[in-house]
Amino acid sequence: MRHSKWKAVLAVPCMVAASLVSVGGVAAAASPGTQSEPIQALSCSHSHVNRDYRKGRTTTTLRYRVGPHTSCAAPGQVGKGTLIYYHCYVVGDMVNGSNGWTWGRIAGTQKAGWFASAYLDDGGSMTYC
């Protein structure tokens, strides 16, 4: 009788783990009293269109990125006062109190990317992508 109780007690965690794996593919542990949320990867590929006719200047030396998140690659940077032709904006990572990111093209070049709107002299594009 003693062995059958232990067998049952030991079998329960195995069944729970097996059911978690079969339902979600991965068993994740959560602290007592907390709810685990799936971690979503930030996308560095956002669509954009050329809808805005406005332009502005950078207020500091600024990296432009391939996506509207500080974790996205930065293929280059521009100096303070660089003219940027705006295309549109999206909501991304919060930077210096603003979560707006403007897709723009650097004047006189074919280089374009996402600029943190907080560092554009007029707050960036007003046209949503």
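- Residues passing the side chain to side chain donor-acceptor pair (under 3.5 Å) test with Tyr89: none are found, sequence neighbours excluded.
- Here the side chain of Arg54 pairs no donor or acceptor atom with the backbone of Thr127 at under 3.5 angstrom.
- Pairs of residues two or more places apart, or lying in two chains, never qualify as side-chain hydrogen bond (donor to acceptor under 3.5 Å, both in side chains) while including a residue from residues 55-67.
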Going through the checks in order, is the ring-ring contact (aromatic ring centres under 6.0 Å, His included) test met by Trp101 and Trp114?
-> CA-CA 6 Å; Trp101 287 73; Trp114 292 102; 7.7 Å; no
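- For Thr70, the side chain to side chain donor-acceptor pair (under 3.5 Å) partners are Asp93, not counting sequence neighbours.
- Contact annotation: the side chain of Asp52 never approaches that of Cys88 to less than 4.5 Å [non-hydrogen atoms, C-beta and beyond].
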Working for side-chain contact (heavy atoms from CB on, under 4.5 Å), residues Arg105 and His87 | CA-CA 8 Å; Arg105 183 178 57 82; His87 290 204; 4.1 Å; yes
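- What you find for Leu62 and Phe115 is that their closest heavy atoms are CD2-CD2, 3.8 Å.
- The nearest pair of heavy atoms linking Ser125 to Thr102 is N-OG1, 3.0 Å.
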For residues 77-85, dump all side-chain donor-acceptor pairs below 3.5 Å to protein atoms at least two apart in sequence or in another chain.
from	atom 1	to	atom 2	distance (Å)
Thr82	OG1	Gly79	N	3.3
Thr82	OG1	Gly79	O	2.6

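- Residues passing the side chain to side chain donor-acceptor pair (under 3.5 Å) test with Arg51, sequence neighbours excluded: none.
- Using a 4.5 Å heavy-atom threshold, the side chains of Val95 and Tyr119 count as touching.
- For the salt bridge (charged side-chain N to carboxylate O under 4.0 Å, His left out) test, no residue two or more places apart in sequence or in another chain qualifies with Asp121.
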